[in-house]
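Side chains included, hydrogens not; waters and symmetry mates left out as well; all remaining heavy atoms used.
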Amino acid sequence: MQRAKARAFVHSQVDSWLVGWLAVAVWLGALALPALGLHVSGSLFGPVYWVGAAISAAHFGLSYHLAYGRGDAGIRERPFLLGLAPALLLAALTVLVGLSLAGGERSVGQAITASITTVYLLTTWHYIKQAYGVTRIAASYTGIKLSLGEARVLRYALYPLWAVGACQVLVSGANYNFGGYVVGYGLVPQGVFSALQASAFIGAIPVAAVFVRVTRRTDAIPPGVVIAPYVAAFLWLGAAPNPVLTVLFLAPFHALQYLAIGHRAEIAMAGSRGEGHGPIWWLNIFAGATCGGFLISRWLPDLLDTRIAAGGPMLFTAAFFVFLNIHHYLVDAAIWRSGGEIVSAMARSGSASPEAASAGSSQLPVPAAAL
């Protein structure tokens, strides 16, 4: 059975690398280097860190462009997620910052610690929902039809990975710090954490079974763009090489995956409005997203910490970190829903068959971070 040719997220030759194979290759390299008696030079960490920071900043900026690029139209469609909830979050953090500057560092510090911990509890949830959504969209684009049971396996088999990620800041003996604030609570025994890690890999078995069934049904192995997000998720979330490399690479790989799917979303939205969307058009969006992301995630909080809150914990860095991440999760919960304008436009622009195009968003479930 030959599948219909489908449109790519960015390009058919690089899509699978953007959404997972590059992450897998780096994971394998990190695993092989110590066995070969080699190590990564410290001089490489600076450039790798800043490249990763730029990619992460771009994915923040792109998500805001997708959500608010139409002015207040998006807010009218999702008033709570795109309007009220971010406003309430901003107000709460503004109060905390004000109280801290007024001398209430101890009590406010506990609230900020709880806020940062909440972000980390939600981060892996955000990652797994995106991996699931990218695979579902890639399957639709390549003409792979999944049964309801297969879709549920692909969705729920990732949940143990979220539990592992969340428990990393809850396990007994964990000692994390962000900008001078303690992160996490020692609530979960180490034995429970180890059991969760084992269950995460057990979850890979039914996922592999789904891909085997698809292979038998279509007489072809699912393309890398369908499989790669899951392989990368199980390796980096379930068996990260070490904490330093996880901090260095995990967020940028997630952001790279987001940029690939976001590129297709931007093209689909522009096409649905009859707008031009050539390489220069995309370069302008990407550059703007990167600069905007850097401004609000790095430069501005650093400036405020240096000029206003110097000499203690990085108050503004922590506050911006909490707001940007939770706001980003709210944005994704709003824009990546079945039936929404973005997903419907992607279905029309990238369907592998006329039947899928006529079905519209029913072929494309929520691709990203929230349900």
Side-chain angles (χ1 to χ4, degrees), residues 7-10 15 18-19 53-90 126 129-130 133-134 137 141 251 254-300 320 323-351 360-361 364-371:
R7 295 188 182 184
F9 296 150
V10 178
D15 278 354
L18 294 175
V19 302
I55 294 172
S56 295
H59 110 283
F60 274 112
L62 186 65
S63 72
Y64 298 147
H65 184 264
L66 286 168
Y68 299 107
R70 296 178 293 140
D72 62 353
I75 298 177
R76 290 198 303 270
E77 291 176 6
R78 298 286 181 181
F80 177 76
L81 292 174
L82 296 182
L84 180 59
L88 292 175
L89 176 62
L90 179 61
H126 177 74
K129 297 301 286 185
Q130 179 172 297
V134 169
I137 292 179
Y141 272 25
H254 161 79
L256 196 65
Q257 188 181 73
Y258 193 99
L259 290 173
I261 198 76
H263 176 264
R264 172 49 56 186
E266 289 281 4
I267 289 177
M269 291 292 288
S272 68
R273 299 168 189 160
E275 301 173 357
H277 44 272
I280 300 300
W281 166 87
W282 167 249
L283 182 61
N284 287 333
I285 290 179
F286 180 79
T290 304
C291 292
F294 259 131
L295 176 65
I296 59 179
S297 66
R298 305 271 176 180
W299 296 328
L300 184 56
F320 272 72
F323 177 79
L324 290 175
N325 280 279
I326 294 182
H327 186 203
H328 178 62
Y329 303 158
L330 293 170
V331 163
D332 279 359
I335 68 177
W336 295 111
R337 286 189 177 276
S338 291
E341 183 178 359
I342 292 176
V343 175
S344 296
M346 291 177 70
R348 292 190 298 270
S349 72
S351 296
S361 62
L364 298 176
V366 181
L371 273 179

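Taking the six-membered ring for Trp and thresholds of 30 and 60 degrees, Tyr141 and Phe9 have ring planes inclined between 30 and 60 degrees apart. Using cut-offs of 30° and 60° for the angle between ring planes, the His59 and Tyr258 rings count as perpendicular. Using cut-offs of 30° and 60° on the angle between ring planes, the pair Phe294 and Trp299 is parallel.
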Evaluate the criterion side chain to side chain contact (heavy atoms under 4.5 Å, CB included) for residue pair Phe323 and Leu90; output intermediate values, then yes/no. CA-CA 7 Å; Phe323 177 79; Leu90 179 61; 3.7 Å; yes
If you apply the rule side chain to side chain contact (heavy atoms under 4.5 Å, CB included), what do you find for Glu341 with Glu77, and how did you get there? CA-CA 10 Å; Glu341 183 178 359; Glu77 291 176 6; 4.0 Å; yes
Leu82 vs Leu330, test: side chain to side chain contact (heavy atoms under 4.5 Å, CB included). Steps then yes/no. CA-CA 7 Å; Leu82 296 182; Leu330 293 170; over 6 Å; no
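Side-chain contact check for Ile267 versus Met346: every heavy-atom pair is 4.5 Å or farther apart. Under the 4.5 Å side-chain criterion, counting only non-hydrogen atoms from C-beta, Gln257 is not in contact with Leu18. A 4.5 Å side-chain heavy-atom check between His327 and Tyr64 finds at least one atom pair inside the cut-off. For the pair Phe286/Glu266, no side-chain contact is recorded, criterion being any heavy-atom separation below 4.5 Å from C-beta on. Annotation: side chain of Tyr68 is in contact with side chain of Val331 (closest heavy-atom distance under 4.5 Å).
Remark: Leu283 CG is packed, more than 12 non-hydrogen atoms of other residues, nucleotides or ligands lying under 6.0 Å away.
Between the side chain of Asp15 and the backbone N or O of Val10 there is at least one donor-acceptor pair closer than 3.5 Å.
Between the CD1 atom of Ile261 and the CG atom of Leu66 there is a distance of 10.5 Å, given to the nearest 0.5 Å. Between Leu84 atom CG and Leu89 atom CG the span is 11.0 Å, to the nearest 0.5 Å. Between the CD1 atom in Ile55 and the NE2 atom in His254 there is a gap of 12.0 Å [rounded to 0.5 Å]. For the atom pair CH2 (Trp282) and CG (Leu259), the distance works out to 6.0 Å, reported to the nearest 0.5 Å.
With sequence neighbours excluded, no residue satisfies ring-ring contact (aromatic ring centres under 6.0 Å, His included) with Phe320.
Minimum interatomic distance between Met269 and Ser272 (heavy atoms only, all atoms of both residues): O-OG, 2.7 Å. Closest approach of Ser63 and Ile335 over heavy atoms only: O-CD1, 4.1 Å. Shown here for Gly83 and Ile75, the closest heavy-atom pair between the two residues is CA-CG2, 4.2 Å. Counting all heavy atoms, side chain and backbone alike, Arg264 lies closest to Ala8 at NH2-O, 2.7 Å. Considering every non-hydrogen atom in both Leu324 and Ser297, the closest pair reads CD1-CA, 3.5 Å.
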